[in-house]
Amino acid sequence: MIQRCVSVIAALVLLSSAAQADLQVVAALDKDEGGLEDTFYLTIQVSGKSVAQPEIPAVEGLRIEPTGKSEKIQMINGTVTRQIEFNYMLEPKRAGTYTIPAIAVRAGGESRSTTPLTLRVEARTAANADAVGKDVSLMAELSATRAFVGQQLLYTLKFFRRVNTTNAELGEPKFDGFNAERLGEPKSAERVINGQRFQVTEIRFALFPNQPGERIVDSATVRFDTIQVDPRDPFARFGFMSAGRRVQGRVVSPERKVHVMALPEAGRPSDFSGLIGKFQLNASLSPERLSVGQSTNLTISVSGRGNVRQMPEPQWSNRSELEKQFKIYDDKPALKVSVGEGGLSGEKVSKKALVALKAGDFSIPPMTLSYFDPETQRYERLSTTSFQIHVDVASHPETAVVVGANSGTPKQRVEVLGEDLMPLETKLAALTSQSISPWEKAAGVLAVGASPLIFAAGFLMQRGRQHWQRNIGEAQRRGALKKARRALMHAKKATKSREVYHELGRVVRGYLGDKLGVNGLALTPSEAAVLALEHGCDSATGKQLKDLLGRCESQQYGGSSDKAAIAETLWSDVEEILSTLDRSLKGKSK
Amino acid sequence: MKRALWITIILLWARAGFGAEPVHVATFQNAIAAYQQNDFGLAAEGFKHLIDAGLSSGALYYDLGNAYYRSGKTGQALAAYLLAMRYTPRDRDLQYNLDFVRRQTKDKIEPNQKNILLHAGLFWLEWLSAREWLWAAALASVVFWSALAFRLWRAEDRFKAATVSAGVVLVVALCGLANAMLSHGRRGVMIEPASTVYSGPGTMNTVLFRLHEGSEFVLRDREAGWLRLELADGKQGWVEARFTSLAAVESK
C-alpha cells in the first residue's frame with residue numbers, strides 16, 4: 001500500500017516537473033478596442049526551460065514596434081524555468097478590425113504558437129477631435145442618444161492635457177433624471193492625436209434613465225493648477241521650477257442630451273420586474289435521486305449586462321403545487337457585480353434546498369424570468385430546464401428529520417405550571433437584630449451633627465494663622481529682648497576678640513531693629529541714638545547707646561592692649577543697655 | 001490590651017447570631033421545624049415571639065411572612081414582607097415572595113400618574129435600609145466637612161471634587177434616612193377578608209368602597225380606632241384600625 005502511494009507521488013512530481021519544463025507562449029493586448037489615436041500594447045509571455053524570441057508577423061495597417069522585455073527565473077522542484085515577457089507597441093494606421101495571427105516561438109526543439117488576437121480600431125472620436133489644439137480640455141461622451149427607461153448608458157469624461165497639471169478636482173454632473181453609478185477608478189493613458197501628445201484621464205459612469213422624455217446630462221467641471229514658466233527665464237530651459245508661477249484653471253464639459261423612451265406596453269410579460277439589458281438564466285439540481293427526508297440543492301444563476309442591481313429571483317409559476325412534494329428552504333441570493341468595457345454586469349446566484357416529503361417520481365418545473373432587450377426592443381422570457389427527480393421511501397423512518405437551511409429547534413414559551421414562595425431562611429444569622437441600636441443611633445447622629453466641628457476647627461486654625469502672619473511685626477517687637485539675649489549668649493562663644501565686638505554690636509543693633517521695626521544692622525551709632533531718642537528714650541540712655549556702639553566699632557577695627565578686660569566691661573554694658581532700652585521703648589512701640 | 005478590645009468587639013458583633021441566647025435559638029429552630037411539619041400557625045407564633053423579644057431582622061420577618069401566607073393570612077404575610085423590606089431591601093427572595101403574594105390579592109389598584117412619577121423619581125430611596133442610610137450619612141458627613149476644612153488650607157481640585165461628591169452623597173443619604181424614618185408605620189395592609197371604607201371615622205358615614213385582604217395603603221391620619229388611608233390610585237377613606245396591619249415595628 002505504502003509502495004503504491006510512493007509511486008503515485010513520484011509520478012505526480014515527475015509529471016509536474018515535465019509540465020513545468022514545457023514551452024508555453026501566451027499573448028495579450030492591453031485593450032482589444034479603441035480609437036485611431038490610441039496606442040495599443042502587446043505582451044507575449046514565453047516560459048519554459050529554454051526560451052526564444054517570438055517571430056512577429058507583419059500585419060497590414062498596423063505598426064508593431066518592440067519596446068523591451070523582462071525576464072524572470074523560477075526554480076520549482078529542482079527544475080529551472082525561465083519566463084520572458086516581450087513587449088510591443090501597436091500603432092494602427094487606419095480604422096478597422098485587425099487580426100494578429102498566431103505568433104510562433106521555437107525553442108529547445110519545441111514549437112508553440114499563441115492564439116490569434118483581434119483588435120478593433122474606430123475612427124477618431126468626436127471628443128478626441130475636439131481636444132486638438134487646446135492645452136487642457138474636458139470632453140464628455142454618451143454611449144447613445146436614444147434609450148429606454150432603465151437602459152444602461154455609458155457616460156465617459158475625458159480630461160485631455162498637453163501641459164503639466166496638478167491638483168485636478170472633478171465636479172461631477174448632477175445626473176438629474178438618472179440613477180448613476182461610477183464605474184471603477186479613473187484611468188490615465190497617453191494618446192497622440194494629429195501629431196500632438198496628450199495625457200488623457202478617463203472616468204466612466206453607468207447611467208440608468210428613470211423617466212421618459214428629453215433628458216440632459218449636465219456639464220462636468222475640472223479645476224486644476226498649471227505651472228506657467230517665463231520663456232525669458234534661462235533656468236526654465238533646464239526644467240527648474242523656481243521661475244514658474246502657479247495658475248488655477250477650469251474646464252467644463254459640454255452637456256449631453258438623450259431621448260428617453262418609455263418601455264413598450266405591447267408584449268410585456270406579467271412577471272416583468274423592470275430588468276433591462278441582456279441576460280442568461282441557468283439552473284442545476286443535485287442530487288436527482290434521494291430518500292424521503294433528504295434534501296436536494298437547486299442552484300439558479302442569472303447573469304448578464306444591464307441594470308443588474310434590479311435583478312429579480314426567478315420564480316416558479318406554481319410553487320404551492322411543488323410544496324406538496326417538497327419542503328422548500330430559500331437561501332439568501334448572492335449578487336456579484338463587475339465593471340467591464342460594456343458597463344455594469346453581474347451574476348445573481350440563488351440556492352434552494354428541497355426536502356422530499358413523499359416517495360415517488362417528481363418533476364421540478366422550470367423557473368422563469370423576463371427582461372427587456374433594448375437592442376431588439378423586445379421583451380424576452382428566460383426559462384430553466386425541468387428536472388426529473390426520484391424520491392425513495394426512507395430506509396430508516398426515524399432518521400427522516402427535516403432540517404432546512406435555517407436549521408434550529410423551534411422555540412416555545414416556557415409554560416409555568418405552578419408558583420410558590422421562596423423557602424424559609426434557616427440560618428442562625430436571622431437572629432441578628434438589624435434594628436438601629438441606641439449606640440449606633442448616637443454614633444450616627446454624633447458623626448452627622450459633630451462633623452461640622454471639623455470644619456469649624458480648621459476655620460479657627462486658619463484664622464489664627466492669618467492673624468499671626470498679619471502681626472508678625474508685633475511678634476518681633478515682643479520677642480526682641482528675648483532674641484537679643486539669645487544672640488548675646490551665642491556671641492560669648494566667639495573665640496576671636498574682633499568677632500566678639502562685632503557680635504556685640506550686631507546684638508544691640510538687631511535688638512533696635514526688631515523693637516522698632518527697622519533694619520537695625522544698618523544703623524550707625526549716631527543714627528541708633530537718634531532713633532532711640534525718637535522712640536521715647538531719655539538722652540542719657542541715647543548717649544550711653546551711642547557710646548557703647550562706638551566702643552564696639554573702635555575695638556573691632558582699632559587696637560587695644562587689654563582686650564579681655566574691655567570685652568568683659570562691654571558684656572555688662574550691653575546687658576544693661578538692652579534692659580534699659582526695653583523698658584523705655586516698651587510703651588512707645590505699641 | 002488591644003487584643004482584648006478586638007475580642008470584645010468581635011464578641012459584641014456576633015452576640016445576636018452565634019452568641020444568641022439558647023432559648024431564642026431553640027424557639028427559632030422549633031418554629032422552623034413546625035413550618036416544615038406544616039404547622040404554619042405554630043411557626044408564625046414562634047417567629048413573632050422572637051420579633052417581640054427584640055430580635056428584629058429582615059430574615060425573621062421574611063420567615064414570619066412565609067408562615068402567615070401558608071396559614072392563609074395573605075394580608076398579614078404582606079405586612080410582614082413589607083417590614084422585612086425595611087431591613088433587607090435588596091433581598092431577592094424577599095422581593096420574589098412579596099411580588100408573589102401581591103399577585104394573590106383580590107383588589108386591582110392601578111397607581112395614578114402622580115404615584116407613578118413619584119415612584120419613578122424616588123425609587124432609589126428603597127435601595128438601602130434605614131440603618132445603612134444612617135451610616136452612609138455619617139460617613140459622607142465626616143468626609144464632606146473634612147474635605148471642606150482641607151480646602152481652607154489647600155484649594156486643590158481633588159479636594160473640590162471630593163467635597164462636591166461627598167456633599168451629594170450626604171444629601172442623598174440624609175434624604176434616604178429621612179424617608180426611612182418618616183415612612184415608618186405609614187404603609188399598611190388590609191388583613192380582613194373584606195373591609196368597608198367610609199367617608200369619615202365612624203360607621204354612620206357614607207360607605208365609599210370596599211377593600212379586600214392584601215390591599216396596600218398609605219396612612220394619612222388616625223383617630224380613635226380609625227385610620228384614614230389613601231390608595232395608590234388616589235382613593236381615600238376611613239377604615240377601622242382593627243382591620244388593618246401597619247408596616248411598623250411599634251404596631252407589633
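Chain identifiers are assigned alphabetically (A, B, ...) following the order of the sequence lines, protein sequences preceding nucleic acid strands; residue numbering begins at 1 within each chain.
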Counting heavy-atom pairs under 4.5 Å to chain B, which of [options] comes out on top?
options                        : answer
A/L453, A/D420, A/T426         : A/D420
A/A447, A/P452, A/G449, A/G444 : A/P452
A/S437, A/G458, A/S451         : A/S451

Atom [atom1] in [X], atom [atom2] in [Y]: separation rounded to 0.5 Å?
X      : Y      : atom1 : atom2 : answer
A/L424 : B/N66  : CG    : CG    : 5.0 Å
B/H24  : A/L431 : NE2   : CG    : 8.5 Å
B/E132 : A/Q434 : CD    : CD    : 8.5 Å
B/L152 : A/Q466 : CG    : CD    : 9.0 Å

Can you list the steps and then say if A/I454 with B/F144 is a side chain to side chain contact (heavy atoms under 4.5 Å, CB included)?
CA-CA 10 Å; A/I454 299 169; B/F144 172 72; over 6 Å; no
After noting the C-alpha distance and the side-chain angles of B/S146 and A/F455, does the key distance pass the side chain to side chain contact (heavy atoms under 4.5 Å, CB included) rule?
CA-CA 6 Å; B/S146 301; A/F455 175 74; over 6 Å; no
Smallest separation among heavy atoms of [X] and [Y], with atom names:
X      : Y      : result
B/M181 : A/I436 : CE-CD1, 4.3 Å
A/E440 : B/W135 : OE2-NE1, 3.2 Å
A/P423 : B/Y62  : O-OH, 2.6 Å

Please determine whether the number of non-hydrogen atoms from other residues, nucleotides or ligands lying under 6.0 Å from atom [atom1] of [X] exceeds 12.
X      : atom1 : answer
A/M461 : CE    : no
A/F459 : CZ    : no
A/R463 : CZ    : no
B/R90  : CZ    : yes
B/E45  : CD    : no
B/F150 : CZ    : no

Would you find a donor on one side and an acceptor on the other, under 3.5 Å apart, between the side chain of [X] and the backbone of [Y]?
X      : Y      : value
A/E425 : B/A59  : no
B/S57  : A/A430 : yes
B/N97  : A/L421 : no
A/S433 : B/L55  : no
B/D93  : A/M422 : no

Sort [X] into side chain, backbone, both or neither according to what part of it lies under 4.5 angstrom from a heavy atom of chain A.
X      : value
B/V143 : neither
B/R92  : neither
B/L50  : side chain

Answer with side chain, backbone, both or neither: which region of A/A443 has an atom nearer than 4.5 Å to a non-hydrogen atom of chain B?
side chain
Shorter than 4.5 Å, heavy atoms on both sides: which option in B/Q36, B/R151, B/R103 has the most such pairs with chain A?
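Most pairs with chain A among the choices: B/R103.
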